[in-house]
Protein chains: 2
Amino acid sequence: MATVNSYSGDMPTPDRTSLDQIVSAARDILEAEGLAGLTMQSVASAVGVRAPSLYKRVQSRDDLIRLVAEATVQELSTRLEPGATVADYASEFRAFALERPAGFQLVMAPGAHLPRPGVEYLLAATEPLLRATALLAGEEHALDAARTVTAWATGFIGMELSGGFNLGGDVEAAWDYGVERLVAAISA
Amino acid sequence: MATVNSYSGDMPTPDRTSLDQIVSAARDILEAEGLAGLTMQSVASAVGVRAPSLYKRVQSRDDLIRLVAEATVQELSTRLEPGATVADYASEFRAFALERPAGFQLVMAPGAHLPRPGVEYLLAATEPLLRATALLAGEEHALDAARTVTAWATGFIGMELSGGFNLGGDVEAAWDYGVERLVAAISA
DNA sequence: ACCTGAACACCGTTCAAGT
DNA sequence: ACCTGAACACCGTTCAAGT
């Protein structure tokens with residue numbers, strides 16, 4: 001006679017985890033252990049299953065990494081509210097990067113052989129910046145200006161995260177100097 | 001009786017490879033196969049020995065990666081001749097990055113858990129740029145200006161390499177626009 | 001002295017077998 | 001239907017044994 005916890009013929013077993021839980025655990029492991037530490041086993045263990053079970057929800061480790069990247073851009077998008085100035089946008093961009101450095105790097109500077117988030121996620125994140133740069137540089141230079149600001153901010157943050165500022169000096173002051181100069185540079 | 005090729009007691013066997021050859025092979029593999037493809041076995045096979053032999057010249061895979069990063073910065077340094085303008089410097093920087101994208105990324109945007117080249121290598125590479133920015137921005141802003149230019153160029157190239165320019169538009173024109181604006185921005 | 005095979009503890013991934 | 005152990009082909013690294 002079947003008890004509540006035993007197998008009862010053809011009754012489907014309840015799911016022991018979910019894709020959301022897997023991606024969320026993967027994001028935390030990425031920040032704590034780096035990309036090399038993001039293994040199928042570590043993720044599986046974090047959500048309470050064995051590694052092979054992950055393949056029910058995810059096609060491969062690369063697929064999981066792509067989902068992590070997409071969740072990261074999506075979170076970034078919600079942080080970058082429309083209506084902000086270019087300086088606000090840059091500030092929020094940097095704050096996010098310092099909170100989730102590994103995720104930020106995965107999105108903004110992935111290695112050549114790493115999966116990239118779908119274009120639609122990147123477009124959503126750059127939308128509000130484009131509106132801010134249009135105000136400064138004019139509609140016809142909005143894209144160039146947005147790229148210039150994004151490139152600078154991404155490069156700056158990357159150097160900051162990888163300790164590239166070992167020549168000394170005040171990092172905050174260097175950021176403020178850069179924002180000020182960039183904004184002036186793209187203003188028509 | 002011993003022949004030429006057989007072991008003759010205590011005579012040391014001639015080295016079958018060298019550290020230079022190992023690092024050089026590793027750099028080529030990095031570009032061709034990515035960091036994940038840079039395995040001790042692939043490097044060993046490229047230089048004609050077995051993986052365990054590499055540990056005679058290299059402490060670990062991470063140590064080898066550090067040596068690769070340092071050789072890459074060193075090559076970059078020799079390319080960045082003193083006396084160049086900021087625009088020249090940026091151009092050469094980008095040309096190098098497009099030739100050795102994986103090495104460039106390893107040096108300029110390493111993940112948090114990757115080995116970094118020693119500071120002396122980075123200092124040597126930034127020296128000529130500091131002299132160029134001093135001419136434009138004045139001695140007291142030379143460092144801030146150099147960081148701003150380097151951050152922008154690194155970010156731009158990173159976006160270019162990772163396909164971040166999928167919103168369309170002319171990448172060369174965007175580069176020229178950025179250089180022009182940056183140079184103007186840091187000029188006193 | 002340098003190099004190697006064998007071994008160990010890990011990876012990602014597949015698949016038949018369990019419930 | 002979901003989950004698992006066992007298996008396979010890989011990793012990095014160590015070490016005793018070969019020359």
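From a predicted model like this one, the values you see are computed outputs, not experimental measurements. Reminder, nothing fancy here: chain letters follow the sequence lines and each chain counts from 1.
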Query raised in the report: Given pairs defined as Watson-Crick or G-U wobble with both distances under 3.5 Å, what dot-bracket annotation applies to DNA chain C, with ( ) intrastrand, [ ] crossing, | other strand and . unpaired?
Result: ||.|||||...|||||.||
Report task. Could I get the full list of salt bridge (charged side-chain N to carboxylate O under 4.0 Å, His left out) partners for B:Glu70, not counting sequence neighbours? Result ->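 Here the qualifying residues are B:Arg66.
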Requested in this report: Only pairs at least two apart or in different chains count here, so list each ring pair (Phe, Tyr, Trp, His ring centres under 6.0 Å) that has a residue in residues 57-93 of chain B.
Outcome: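 Non-adjacent pairs meeting ring pair (Phe, Tyr, Trp, His ring centres under 6.0 Å): B:Phe93-B:Phe104.
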Report task. Name all residues meeting the ring pair (Phe, Tyr, Trp, His ring centres under 6.0 Å) criterion together with A:Tyr55; count only those two or more places apart in sequence or in a different chain, and write none if there are none. Result ->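 So A:Tyr55 forms no ring pair (Phe, Tyr, Trp, His ring centres under 6.0 Å) with any residue.
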Report summary line: With B for base contact, S for sugar-phosphate-only contact and - for none (protein heavy atoms under 4.0 Å), nucleotides 2-12 of chain C reads SSBBB----SS
Query raised in the report: Which value, rounded to the nearest 0.5 Å, describes the distance between B:Arg27 atom CZ and B:Glu75 atom CD?
Result: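 The CD atom of B:Glu75 is 4.5 Å from CZ of B:Arg27, to the nearest 0.5 Å.
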Query raised in the report: Can a salt bridge be assigned to the pair B:Arg94 and B:Glu172 using a cut-off of 4.0 Å between side-chain N and carboxylate O?
Result: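 Answer for the salt bridge query: yes.
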Which pairs would a plain distance check flag for residues 178-188 of chain A, meaning a side-chain donor or acceptor within less than 3.5 Å of a matching protein atom at least two apart in sequence or in another chain?
{"unit_1": "A:Arg181", "atom_1": "NH1", "unit_2": "B:Ala185", "atom_2": "O", "d": "2.6"}
{"unit_1": "A:Ser187", "atom_1": "OG", "unit_2": "A:Val183", "atom_2": "O", "d": "2.7"}

Requested in this report: Keeping the roles fixed (side chain from A:Glu31, backbone from A:Ala102), state whether a donor-acceptor pair exists under 3.5 Å.
Outcome: yes
